[in-house]
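Any value given below was found using the heavy atoms of this structure, including those in side chains, with hydrogens, waters and symmetry copies removed. Since this is a predicted model, take the numbers as computed values, not measurements. Counting starts at 1 for both ligands and their atoms, following the listed order.
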Amino acid sequence: MKIIVSTALAVGVIAGPSLAQSAQDGEKIFKKCAACHKVGPDAKNSVGPVLDGVIGRTAGTFENYKYSKSMKAAGAAGLVWSEETVLDYLADPTKYLRTVLDDPRAKAKMKFKLKSENDRRAIIAYLSTFSTATMQVPQDGFCVVNTSEKPHFFTAETREGERVVSNLKPGEQLCSSSTAASDGIVSVFETENGFEGCSRIIPVGQAEEMQKFAEFDRCRWGSHNS
Ligand code: HEC
């Protein structure tokens, strides 16, 4: 029986060489975004929202960020950030929101455009390394990623009762793995001494995002099949 505890950031290990290469290019090009956006374990909202886990996230929903009306409307209308939607958005945010909302008065709060399609693709490859949608999950285990804005206390327990615990900062992950390859249950508490938390059953080979903590099992989750 082996248990793996990993608090390292998911990196694009399953990506092929070309994708890994563009993720590297994307890291450099991301400097253009970094004036307004943060990524990684200690990321905080600044001019723009934190972009950890943005691929796979509903538009306009990162915790405690004040989005424009148009962005909130786009999320409410069902806009989810994927490689394709981010690709179009970055080329011209206002034009994109106008098209999505079919409203010529829609306005993006992001005053920045990235013309080069190659640069946009590279940045998306880079952003994907901060998302469970592209994360490597052990075949015989399951993972949880803290994509909320605050650190929280996480436990992951397999059906056989193997338990791993960790305080996860935003962007960090906890994976459990056992030779029995079973699904398991993840519980989250506000802090290590928290009393009422929330929990979720996670199938083997999959990862879940804990997007927002709330007591009495009211956390917001987002999952991706890998
Ligand atoms: C000058 C500041 C600025 C720069 C530079 C900038 N952004 Fe933004 N970005 C924002 C703001 C502000 C928002 C919130 C938009 C809204 O509410 O309409 C945003 C929103 C976003 C969103 C939607 C996030 C969500 O949670 O719905 C994505 C994706 C995004 N930006 C990606 C990027 C990328 C990638 C780059 C670099 C190519 C970039 N941005 C450069 C300010 C910026």
List the closest protein heavy-atom neighbour of atom 7 (N) of ligand 1: residue, atom name, distance to the nearest 0.1 Å. His37 NE2, 2.8 Å
Residue selection (non-hydrogen contact nearest atom 11 (C) of ligand 1) among Lys66, Met110, Lys107, Lys31: Met110
Sub-4.0 Å heavy-atom approach of Gly60 to ligand 1: yes
Looking only at side-chain N and O atoms, does Lys113 offer a donor or acceptor that is under 3.5 Å from a partner on Tyr89? no
Can a salt bridge be assigned to the pair Glu208 and Arg200 using a cut-off of 4.0 Å between side-chain N and carboxylate O? yes
Show which atoms of ligand 1 fall inside a sub-4.0 Å distance from at least one heavy-atom site of Leu114. 38 (C)
Carboxylate-amine/guanidinium contact Asp103 Arg98, below 4.0 Å: no
Just to confirm my output: which protein heavy-atom neighbour is closest to atom 20 (C) of ligand 1, and how far is it? Tyr89 OH, 3.3 Å
Are any of the heavy atoms in Arg57 under 4.0 Å away from ligand 1? yes
Just do the side-chain contact (heavy atoms from CB on, under 4.5 Å) check on Phe154 and Val165 with the steps written out, would you? CA-CA 6 Å; Phe154 285 71; Val165 302; over 6 Å; no
Can you sort out which atoms of ligand 1 are near Ala59, meaning under 4.0 Å from one of its heavy atoms? 27 (O)
Shortest protein heavy-atom distance from atom 14 (C) of ligand 1, along with the residue and atom involved: Tyr65 OH, 3.6 Å
Which ligand 1 atoms does Cys36 reach within 4.0 Å, using its non-hydrogen atoms? 1 (C), 2 (C), 3 (C), 4 (C), 5 (C), 42 (C), 43 (C)
Please report whether ligand 1 has a polar contact with Thr61, defined as an N or O pair separated by less than 3.5 Å (distance criterion only). no
So if I count the atoms of ligand 1 from 1 in the order they appear, which ones are less than 4.0 Å from some heavy atom of Lys32? 5 (C)
Taking only heavy atoms of Trp81 into account, list the atoms of ligand 1 that are under 4.0 Å away from them. 23 (C), 24 (C), 25 (C), 27 (O)
